[in-house]
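Have a look at the structure below, then the notes.
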There are 4 protein chains.
Amino acid sequence: MARPKSVVNGLSSAGLYRGMYCPPAMQAVFSARQTLQSMLDVEAALASALVRAGVVPARALPAIRRACQADLYDPAALQAAGRLAGNLAIPLVKALTAEVAARSRPAAKYVHWGATSQDIIDTGLVLQMRAGFGLLLADLARLDRVVAALARRHRRSVMAGRTWLQQAAPVTFGLKAAGWLSALRRDRARLRRAAAETAVLQFGGAVGTLAALGPAAPKVASALAAELRLVLPDLSWHGQRDRIVEAASALGILTGNLGKIARDVSLLMQTEIAEVAEPAAAGRGGSSTMPHKRNAVGCAAVLALAQRVPPLVAALMAAMPQEHERGLGGWQAEWPLLPEVFELTAGALAQMTDALDGLEVDAARMRRNLDATDGLIMAEAVALALAGKIGKPAAHHLLETASLEAVRRRQPLQVVLHGMPEVMRHLDAAALRRLFMPANYLGQADRQITRVLKRRG
Amino acid sequence: MARPKSVVNGLSSAGLYRGMYCPPAMQAVFSARQTLQSMLDVEAALASALVRAGVVPARALPAIRRACQADLYDPAALQAAGRLAGNLAIPLVKALTAEVAARSRPAAKYVHWGATSQDIIDTGLVLQMRAGFGLLLADLARLDRVVAALARRHRRSVMAGRTWLQQAAPVTFGLKAAGWLSALRRDRARLRRAAAETAVLQFGGAVGTLAALGPAAPKVASALAAELRLVLPDLSWHGQRDRIVEAASALGILTGNLGKIARDVSLLMQTEIAEVAEPAAAGRGGSSTMPHKRNAVGCAAVLALAQRVPPLVAALMAAMPQEHERGLGGWQAEWPLLPEVFELTAGALAQMTDALDGLEVDAARMRRNLDATDGLIMAEAVALALAGKIGKPAAHHLLETASLEAVRRRQPLQVVLHGMPEVMRHLDAAALRRLFMPANYLGQADRQITRVLKRRG
Amino acid sequence: MARPKSVVNGLSSAGLYRGMYCPPAMQAVFSARQTLQSMLDVEAALASALVRAGVVPARALPAIRRACQADLYDPAALQAAGRLAGNLAIPLVKALTAEVAARSRPAAKYVHWGATSQDIIDTGLVLQMRAGFGLLLADLARLDRVVAALARRHRRSVMAGRTWLQQAAPVTFGLKAAGWLSALRRDRARLRRAAAETAVLQFGGAVGTLAALGPAAPKVASALAAELRLVLPDLSWHGQRDRIVEAASALGILTGNLGKIARDVSLLMQTEIAEVAEPAAAGRGGSSTMPHKRNAVGCAAVLALAQRVPPLVAALMAAMPQEHERGLGGWQAEWPLLPEVFELTAGALAQMTDALDGLEVDAARMRRNLDATDGLIMAEAVALALAGKIGKPAAHHLLETASLEAVRRRQPLQVVLHGMPEVMRHLDAAALRRLFMPANYLGQADRQITRVLKRRG
Amino acid sequence: MARPKSVVNGLSSAGLYRGMYCPPAMQAVFSARQTLQSMLDVEAALASALVRAGVVPARALPAIRRACQADLYDPAALQAAGRLAGNLAIPLVKALTAEVAARSRPAAKYVHWGATSQDIIDTGLVLQMRAGFGLLLADLARLDRVVAALARRHRRSVMAGRTWLQQAAPVTFGLKAAGWLSALRRDRARLRRAAAETAVLQFGGAVGTLAALGPAAPKVASALAAELRLVLPDLSWHGQRDRIVEAASALGILTGNLGKIARDVSLLMQTEIAEVAEPAAAGRGGSSTMPHKRNAVGCAAVLALAQRVPPLVAALMAAMPQEHERGLGGWQAEWPLLPEVFELTAGALAQMTDALDGLEVDAARMRRNLDATDGLIMAEAVALALAGKIGKPAAHHLLETASLEAVRRRQPLQVVLHGMPEVMRHLDAAALRRLFMPANYLGQADRQITRVLKRRG
């Protein structure tokens with residue numbers, strides 16, 4: 001069968017869908033081009049470091065630096081050669097050497113001096129991760145502001161708190177948002193930590209000893225780390241992959257927290273609940289035949305991504321037992337997995353922000369939905385008020401009887417209680433009415449929101 | 001329509017790596033272009049079916065069919081609109097309608113008649129899966145031939161059987177290959193079954209009832225199934241995703257079986273064992289400084305893929321609990337996951353075939369490695385021979401003593417036994433020598449190979 | 001630190017929770033005791049087979065068979081010895097040999113003759129799987145009856161079909177149940193197939209060749225397979241684990257299908273929807289203070305299990321690349337994973353059946369909820385009716401206008417349409433009213449239910 | 001209460017295997033009994049806090065505290081009731097109330113005052129995690145000492161560095177151990193952090209607002225946190241599960257790092273390599289017939305666990321999108337998952353420590369194996385030495401020629417080079433010999449070991 005050349009390396013189905021969610025800036029960080037450029041940046045920095053350490057003459061530098069431009073190289077050709085070589089660095093170094101030689105034959109021999117493929121691939125990925133973390137932290141800051149605004153604005157928007165998908169007792173929408181916010185702020189701390197811990201140079205040569213550089217090795221390594229503004233580790237980590245998995249875990253947890261928000265919002269958007277709606281926009285989540293229909297498209301995307309990221313994190317974690325000084329299988333699995341984790345997380349973050357920024361909140365409907373149980377949701381509040389007068393057990397028993405009666409008669413609980421002398425002996429009608437106002441039974445909600453808003457992320 | 005920044009939709013890092021392994025034909029099946037074309041094929045077939053069922057006038061057909069060409073549509077624009085709409089079918093149908101209208105205004109109103117987005121997306125995916133299964137089965141048949149040839153050719157190539165990574169007793173390389181082959185033949189059956197079970201039409205309209213088509217619905221559905229050569233199911237399966245997960249599981253199991261082969265081959269390629277080697281080729285797994293080094297690049301790829309596919313299968317499986325008549329999150333997760341499972345499986349299959357077709361097998365080295373234990377690997381054989389004469393317990397005790405002695409003295413077991421009168425009383429030197437020939441202790445290996453080779457996949 | 005002996009091997013937290021869901025019969029199949037008994041059953045059958053094949057004298061049999069009773073062995077002691085030995089079969093065979101010797105010293109030497117640990121462990125597990133599949137198929141048949149009854153009984157219980165968690169168009173509860181049922185019947189087929197494909201003897205000796213049995217091997221193997229009523233495979237599968245993973249996948253898919261049912265039921269039980277409720281029972285899902293609260297405890301359990309099983313399946317799949325003739329790591333991972341998959345699946349099946357058998361269905365509430373959109377859910381039906389008179393585009397435009405108007409004015413769509421002369425020109429009031437009856441817009445629902453009910457699982 | 005059949009709650013197959021690896025102390029922390037006791041500890045502390053806050057009279061305390069003893073309760077009965085209730089806290093609180101009432105009827109009404117089930121379950125789990133982290137950190141410290149000793153002792157034990165499972169260049173076994181150690185020290189930091197971040201009180205009442213406690217809520221919450229020595233969070237985290245997943249991730253990463261050690265050790269134990277061996281012990285990894293066989297049973301266990309933990313972490317991560325104020329499905333999934341992650345991690349840690357403490361290291365064999373390539377492994381060293389004299393390209397070319405020749409002639413590279421005048425012009429025989437001493441080509445290995453050993457974990 002003739003195989004269409006053109007389609008190969010074109011956009012794939014998976015790529016089409018990834019592009020639907022992932023913001024352009026993150027796509028740029030983990031583009032094929034930037035993957036090559038990052039490796040070339042490492043090669044260029046290595047050349048500088050070798051010069052600084054006196055291993056390589058300074059005159060070799062310009063030709064090398066000029067050749068370290070991704071646009072000079074053909075991804076498809078590298079890919080084909082990489083399939084045979086086993087990784088992309090081998091053909092890239094070969095092509096780079098040829099490009100340098102075309103500029104300065106003597107300079108060519110200093111290309112990649114002392115390094116091994118994995119030094120280049122790993123450090124290149126470290127540079128991409130650093131850029132990726134930068135984008136995520138900026139995006140997270142934006143979402144933080146959006147969610148904090150919701151918490152502030154809806155501090156007093158009373159709504160049903162729901163457990164096991166059942167109405168349980170009143171909360172406020174501000175409290176719900178404050179819960180999301182507190183998690184996002186922990187995410188910010190996790191991301192910062194992961195960013196710091198992965199900003200580490202990989203540089204060990206064939207088996208980690210830098211033997212090929214002889215006594216110049218420490219100087220070259222320090223200079224390279226300085227050049228790239230990366231931490232110089234105690235030893236190379238070709239086979240020790242925990243930092244990378246910690247980074248992926250932090251992203252996975254962020255995606256999970258975003259999924260929690262998406263779960264809540266999508267449930268609140270149900271036709272029968274309709275307390276919030278993703279912002280309306282031309283072409284967004286609508287249906288021409290049913291103007292009432294507003295699909296939670298942002299939430300759907302986030303929930304999909306929150307299901308896709310954890311298995312990728314698990315794959316990275318399960319790939320940790322890598323063989324000896326450089327692994328066979330596990331390391332190779334990381335190459336596409338880590339970029340995907342960044343891209344999907346960025347997608348979830350962008351989609352959630354789009355859905356929450358401009359979220360329509362129907363506080364009146366929230367209030368109305370609290371009546372869905374005809375007052376049963378306030379039973380606990382009444383019982384507590386009576387307990388002060390007649391003791392907790394008696395109060396509890398009274399409310400249980402009244403509640404069952406309300407369900408049986410299909411009457412509001414307040415009406416039933418009003419007809420019970422043993423209740424009205426202790427409460428007048430006005431007091432009873434106050435007990436049925438959900439806003440009076442919000443406990444620490446307001447203080448909790450304040451505490452969360454005050455805390456720095 | 002303005003396209004987003006140039007970098008977007010370019011080749012991503014993940015795509016770069018996917019392309020390294022996945023064969024072009026499978027990339028073509030799951031390209032973005034073919035994803036659109038498959039959906040358009042469904043729309044075209046739907047138009048034909050509507051005509052056949054008398055719902056739509058035949059004159060509307062040509063304009064619709066001519067507009068059902070993927071090249072007419074801009075993936076990037078669809079992607080951008082799809083982000084807002086929540087899926088790709090909505091903007092594609094809109095764009096298709098416009099294209100039809102440009103050809104024939106009256107025909108435009110019949111586009112997508114009676115169908116819902118998910119009908120188009122799911123059936124499009126079904127068509128892609130059918131093509132994907134076709135490729136996999138052909139590739140599997142090729143690998144079957146390669147492995148069967150190894151089993152036949154090395155039927156008598158004696159080597160160490162290894163358990164827990166320790167030499168245990170002799171086997172043949174042919175037996176090892178027969179073990180791989182038997183698993184691959186079960187894979188073939190599983191793939192065929194999965195292909196049959198997923199070749200099912202999705203067509204239910206908004207909520208699965210086809211209400212919008214009125215009484216013509218059954219006719220349209222049958223005609224559409226016939227048009228696409230798909231099975232017509234009892235009802236639509238918008239929310240019942242088991243068939244898809246079964247397909248993914250079958251591929252995951254195949255990848256696992258390939259991973260087993262890759263594990264064995266890569267271990268046999270270790271410098272200290274060196275019994276097999278992936279085929280040599282220019283640029284393949286080599287190292288210019290160390291001509292002895294032949295990296296198991298094919299095996300590394302397969303092992304990486306065998307770690308990446310199972311989590312994707314798990315993600316699809318965990319996404320099954322989808323909401324009501326059409327889900328929110330779970331379905332959306334499937335879109336890129338299923339194509340990835342096909343592409344990665346195809347990559348593993350191709351890489352494994354490349355590594356095995358032309359595999360260098362060093363039967364002499366296999367034989368030599370059997371001496372690594374100085375004959376201890378044959379202790380069981382000698383014990384059994386003596387058991388016939390002096391009983392199993394006594395024989396076993398003798399061998400245990402002799403084996404410990406051999407280890408202590410660093411002498412071959414055969415030499416030690418030769419010096420033991422209580423052994424030589426029952427065996428002459430020639431008989432003893434025969435017992436130390438591994439080829440005499442292969443049990444049923446030959447019959448087992450024959451049985452496997454005979455069985456049809 | 002002194003470590004409390006007594007607590008070890010007692011019930012663990014994980015065990016406490018597993019026991020909450022898994023039915024006693026399945027717990028019995030995968031109890032520690034039955035795990036030992038199954039291995040002992042294999043040893044007993046092996047002894048019989050050896051006698052039948054003339055390898056072992058018949059007089060050795062009684063002592064061996066009598067010693068093959070799990071209650072004779074101390075699980076804790078085996079566990080401690082197994083930790084050192086690396087598996088449970090080694091200490092079990094040692095203890096068994098001692099027990100046999102105590103009965104008949106000569107018989108002791110025939111224990112475990114020709115077999116390897118993995119033969120015993122794998123075949124023991126095969127026997128447990130066979131019993132496990134039997135239980136699951138029986139339980140699935142019971143759930144099938146329950147769901148079929150729901151489909152039949154609620155064939156005409158009209159309710160809102162929901163997509164993306166939004167009301168979309170009418171369906172019936174019977175149709176929803178029929179969708180579940182169709183998936184469960186595919187599960188039944190999958191389970192049967194998996195049961196058949198895993199009912200396979202494992203018997204190969206040290207490295208799969210059965211060399212230790214000499215020429216008697218085929219006879220012994222056949223007799224052993226016959227004894228245990230298992231299929232005799234072409235060769236042993238110590239390192240080829242696909243059958244096991246296929247079994248686990250089938251269970252994972254079943255659990256996913258159960259999760260889909262649980263998702264639907266739990267969403268329908270929401271306070272604001274309240275269309276169904278898990279059966280009431282003393283202590284079941286209730287809350288003493290809030291008599292209106294009925295927690296979906298069965299659904300919660302099923303959804304939890306549907307999240308827990310897929311990663312276990314993935315772990316089994318990822319463990320497939322096992323080393324050489326017997327693996328190091330992957331095989332050991334299977335031991336607890338496979339039992340857990342059976343137990344969790346059985347738990348999900350039991351919990352789902354308990355929740356559906358006696359499910360309270362509030363058809364009146366279903367009908368009422370259809371009014372939540374004030375008729376907008378029927379817009380498509382009206383548009384189709386008008387299309388016959390004024391063409392599809394004009395009809396669609398009319399309905400769009402009317403729908404927007406209805407939302408703006410907060411009036412039922414029917415009322416708005418009634419006031420539009422361009423509508424009433426084509427429809428009289430009675431016809432309009434009929435169009436707003438959801439039962440008239442159910443398309444093929446009834447036929448689909450019939451088709452599913454007729455099909456044999 | 002009638003107990004279910006006797007088999008239920010007995011040791012399961014999964015439990016049997018878990019017990020094989022998990023140390024008794026960790027089994028005790030996550031025993032069913034300790035699960036109940038931890039919840040009861042929370043109830044007792046709550047009673048104290050209520051007294052301290054003046055909500056409950058001090059005289060109620062003794063009866064409550066005395067009833068908070070796990071041994072008073074029947075796990076099987078709680079399990080059966082928990083199945084119906086949906087969680088274990090509901091029946092436990094009911095049983096506790098009865099026990100308190102039996103001691104003091106008035107005190108009974110203060111049991112569980114203001115709390116919800118999830119407060120008790122989550123905080124109980126927090127207490128168990130704290131104990132679990134304590135054990136892991138102590139065990140990790142012990143492993144740290146063992147690995148540090150290996151790094152120190154084998155600082156000069158030269159061995160082959162291996163990449164892609166091929167010999168690449170020399171390293172030392174001390175360097176390999178230092179690599180493991182550096183990862184373990186990062187694990188220690190991660191565990192400490194996770195321990196700190198999960199030592200957080202869960203206390204929010206029905207929906208997180210503590211409304212039932214009225215204005216006393218802050219005092220009660222503070223007192224409860226103080227009583228249990230836990231951090232008081234800004235708000236309750238019933239639906240925000242990131243802390244728990246971070247803890248699980250840290251354990252998963254530790255297990256991955258242990259798996260890396262196990263991978264290396266098990267590969268080095270291969271018959272053909274035989275550079276290290278797990279410690280010998282009666283019944284440990286042996287085989288009676290083959291005294292040369294020493295199975296890597298500890299490594300096998302660790303590798304199995306390193307495959308089992310990541311999917312459990314992924315399951316916890318995927319369970320994060322929990323519904324509203326308390327979830328349905330996701331939360332329930334956590335109950336057994338988190339204990340399992342602790343137990344399996346502890347098992348991996350114990351097994352790895354057992355295998356490394358007393359590891360037999362055959363430095364002579366390591367040295368011998370370096371000769372496996374007849375000197376080719378030193379080609380890079382010679383090339384570098386010559387490069388100083390004749391330039392890098394010429395040197396490289398010379399070595400390439402010589403290496404190919406050595407392979408062709410099956411002669412040591414040193415011999416071949418010795419016969420090449422263009423080499424011997426620049427090197428005398430002694431210098432050449434020195435270049436073939438791997439100890440002279442170890443680069444920074446020694447410094448790297450020193451750096452790692454100095455760093456505090």
Side-chain angles (χ1 to χ4, degrees), chain A residues 1 3-4 7-21 24 27-28 30-35 75 79 81-86 88 128 262 266 281 283-285 295-297 299-301 303-304 307-308 311-312 314-315 318-319 328-330 332-333 335-337 339-340 343, chain B residues 4-5 7-21 24-25 27-28 30-35 75 79 81-86 88 128 262 266 281 283-285 295-297 299-301 303-304 307-308 311-312 314-315 318-319 328-330 332-333 335-337 339-340 343:
Chain A
M1 191 197 324
R3 288 171 172 185
V7 76
V8 179
N9 294 319
L11 190 59
S12 71
S13 181
L16 185 66
Y17 285 115
R18 183 176 45 240
M20 261 175 73
Y21 306 125
Q27 287 189 53
F30 288 102
S31 66
R33 194 198 160 284
Q34 189 56 39
T35 299
Q79 204 177 32
R83 180 184 304 124
L84 290 171
L88 283 173
Q128 287 176 289
S266 63
R284 183 175 173 99
N295 284 336
V297 293
C299 292
L303 285 167
Q307 292 190 283
R308 288 174 56 200
L312 301 181
L328 188 150
Q332 292 77 6
W335 301 337
L337 283 171
E340 277 205 77
E343 290 174 314
Chain B
K5 292 183 198 157
V7 73
V8 180
N9 295 319
L11 190 58
S12 71
S13 181
L16 184 66
Y17 285 115
R18 184 175 45 240
M20 260 175 74
Y21 306 124
Q27 286 189 53
F30 288 103
S31 66
R33 193 196 161 285
Q34 189 56 38
T35 300
Q79 203 178 32
R83 180 183 304 123
L84 292 170
L88 283 173
Q128 287 176 288
S266 62
R284 183 175 173 100
N295 284 335
V297 294
C299 293
L303 284 167
Q307 292 191 283
R308 288 173 58 200
L312 303 180
L328 188 150
Q332 291 78 5
W335 301 337
L337 283 170
E340 277 205 76
E343 290 174 314

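Everything quoted here is computed from the prediction, not taken from an experiment. Numbers restart at 1 for each chain; the letters A, B, ... are given by sequence-line order, proteins then strands.
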So, the part of A:A314 with a heavy atom under 4.5 Å from chain B: the answer is neither

Minimal heavy-atom distance between B:A333 and A:A304, with the atoms involved, is N-CB, 3.5 Å

Smallest heavy-atom separation, B:L328 atom then A:A300 atom, equals CD2-CA, 3.7 Å

Okay, B:A281 and chain A: the region with an atom under 4.5 Å from a heavy atom over there is neither

Okay, B:L337 and chain A: the region with an atom under 4.5 Å from a heavy atom over there is side chain

Practice item. Evaluate the side-chain proximity of A:T35 to B:Y17: yes if any heavy-atom separation is below 4.5 Å, no if none is. Key: yes

(Q) A side-chain contact here means heavy atoms from C-beta on lying under 4.5 Å apart; do B:R308 and B:E340 qualify? (A) yes

Ranked by heavy-atom pairs below 4.5 Å to chain B, first place among A:G86, A:P311, A:A32, A:A14 goes to A:A32

Pair count under 4.5 Å, heavy atoms only, with chain B: among A:Q332, A:R33, A:Q128, highest is A:Q332

* Asked: Where the side chain of B:Q34 meets the backbone of B:A28, is there a donor-acceptor pair that is under 3.5 Å apart?
  -> no

